[in-house]
Visitor: 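Below is one structure. I have some questions about it.
Both ligands and their constituent atoms are indexed starting at 1 by order of listing.
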Amino acid sequence: MTAEPINLHPSHHPLNPQTGARRVDVVVVGAGFGGMYATYRFREMGFRVQGFEAGGDVGGVWYWNRYPGARVDLPSIDYSFSFSPEIEQEWTWSEQFAAQPELLKYINFVADRLDLRRHIQFKTRVTRAVWDEARKLWTVTTDRGDTYEATYCIMATGPLSIPKDPEIPGIDRFKGQLLRAAKWPHQPVGFAGKRVGVIGTGSTGIQIVQEVGKEAGELFVFQRTPSFTMPMRNEVLEPDYVAEVKRNYASIRESARNSAVGGVRPQSTRAFFSVTPRQRQQLLEDAWKNGGLAMLGTFSDLLANPEANEHVAEFVRGKIGETVKDPVTAEKLKPRGYPIFARRPCLDSSYYETFNRPNVHLKDCIADPIVEITERGVKTQAGEVELDVLIFATGYDGLTGALLAFDIVGRDGRTMNEKWKDGARSHLGLMMEGFPNLFMTTGPNGPAALANIIRISEHDVDWIAAAMTHMEENGLSTIEPTAQAEQAWMDLVYALSQRTLLTKAKTWYVGANVKDKPQGLTLFTGGFLKYREHCAAAVQGGYRDFVFERAQQALAA
Ligand code: NAP
């Protein structure tokens, strides 16, 4: 990996002497997968592009999440860029589910290979973006005091980029080492002989617990809601397999793009009750043995039929009971009261086994809630747990957090906070009425979180690129969805959400983990393929869902 770039004041963009701002065609906010591809794509189209990234380098969540055990839970083959056949051939994945260091290495390889860094200002947050109605452009300000003017503004801010501390008093009092999964130190952290506490048992907490449990003197796992986790069954990829994949990348990508999840994963058209109880049991056993997200793909109706869902939940509870030796701990680890898969299904290599270790203790925060953080550790109703290290794996202000973290001011001075005060609204998860030329990748009301984020990012950037091309070719200065189109999309998103069990759990998907956040599933649940079809239809109909303004209507910028 190259040394972290600073690149604070790129001077190659012309300065507007009247406003003191630098003039570009496209501002891209964020340099994760979406922002990297956007920067590349728009540069290749001949646009002057300026990217901004709060992190010290490219990578988004994979830049920040350096905690022990961090690993992707989709196959690496799928979880990689598809836009460059050269990069597909040049890069070789070592494991079926790559760990964070390998992912970051890949991301850096892509950034180097495409020479992306010179377009991106790192360690810089955008603080404000204001639509200039007279000049038909966005004025973007950063926390370094720089101002840029851009025709197009791309929010590639990601669905999981604003980490959330737990709402527990006393956090600042803790005198030990406080670590946040999503802001993990760049230097290795040692746990040997230490008393370590982990708060949070979602995908992140589970990955941390199974790693830190091996090393810590004592590990206390503070669990409020247990998650369902299934075996990942990670494997080293054999050279023959990799060669076969490289020969077939084009068709692998095509299948991924035409699937509901944007990836090559087991999927079935078989309904749960269409086969005998014995066959069902066998299919679930096979899926458990195969690992990955095979279980979710075993039957077609697991997110629609509560009875089928409960059978699968009970199957997993049975596995927990078989694995965890202490029956009281096993019982506490068994999730109840919400459908399996309604929270993000987790994959592990030894999570339940970790609780058989004598140094690992489960603290049930439902039976014995956390009261406060003290100087020495975590105080629950029953007493204080003294700790040397406390780790927060307490999730994110998902989907909307990053977009509401700074001021975005659209037409007529209306802010995004005002527009979204009752919940995130968008058309296709890509644009918003009242915010011309402002695009989102993996935005709210798209399929983000429910399908492969890289496939969605590439799709969204390509859609935006096509819209820009349409505008440039037709002398158009602005694009914006109509209020009717946006409302129709929101109605569809809502109607589809009522057919799934995803609304039946308190998760970041529905905003339940953030105090005072409007509640509701702001995700398109119709699947990635259907989503692509909707986005394509919006274009094929001559952009009938959108209004444009002609370039001559804008004053010279
Ligand atoms: P999360 O799923 O939102 O889990 C946060 C955890 O913190 C929950 O267990 C929550 O309990 C707990 N928590 C929050 N406040 C608490 C409090 N005051 N007291 C006790 N517990 C508290 O967040 P995450 O684990 O970071 O995962 C977020 C998403 O990131 C995942 O859904 C996934 O999409 C992604 N992710 C993916 C991978 C991967 O690819 N392998 C790895 C990590 C993350 P409650 O549920 O009771 O609120």
Visitor: Check the orientation of His534 and Trp489. Use parallel for under 30°, tilted for 30 to 60°, and perpendicular for over 60°.
Guide: perpendicular

Visitor: With no hydrogens and no angle check, is any side-chain donor or acceptor of Glu215 less than 3.5 Å from a backbone partner on Ala192?
Guide: yes

Visitor: Classify the angle between the aromatic ring planes of Tyr106 and Trp93 as parallel (below 30°), tilted (30 to 60°) or perpendicular (above 60°).
Guide: tilted

Visitor: Find out whether the Lys NZ or Arg CZ of Arg66 is both under 6.0 angstrom from the six-membered ring centre of Tyr63 and within 45° of the ring's axis.
Guide: yes

Visitor: Hey, which residues fall under 4.0 Å of ligand 1 on heavy atoms?
Guide: Tyr67, Arg71, Val72, Asp73, Leu160, Pro166, Ile168, Ile199, Gly200, Thr201, Gly202, Ser203, Thr204, Gln207, Arg224, Thr225, Arg343, Arg344, Ala393, Thr394, Gly395, Tyr396, Trp508

Visitor: Phe33 and ring-ring contact (aromatic ring centres under 6.0 Å, His included): which partner among Phe83, Phe81, Tyr40, Trp62?
Guide: Phe81

Visitor: Is it the case that Arg343 places NZ or CZ above or below the six-membered ring of Tyr338, under 6.0 angstrom from the centre and within 45 degrees of the axis?
Guide: yes

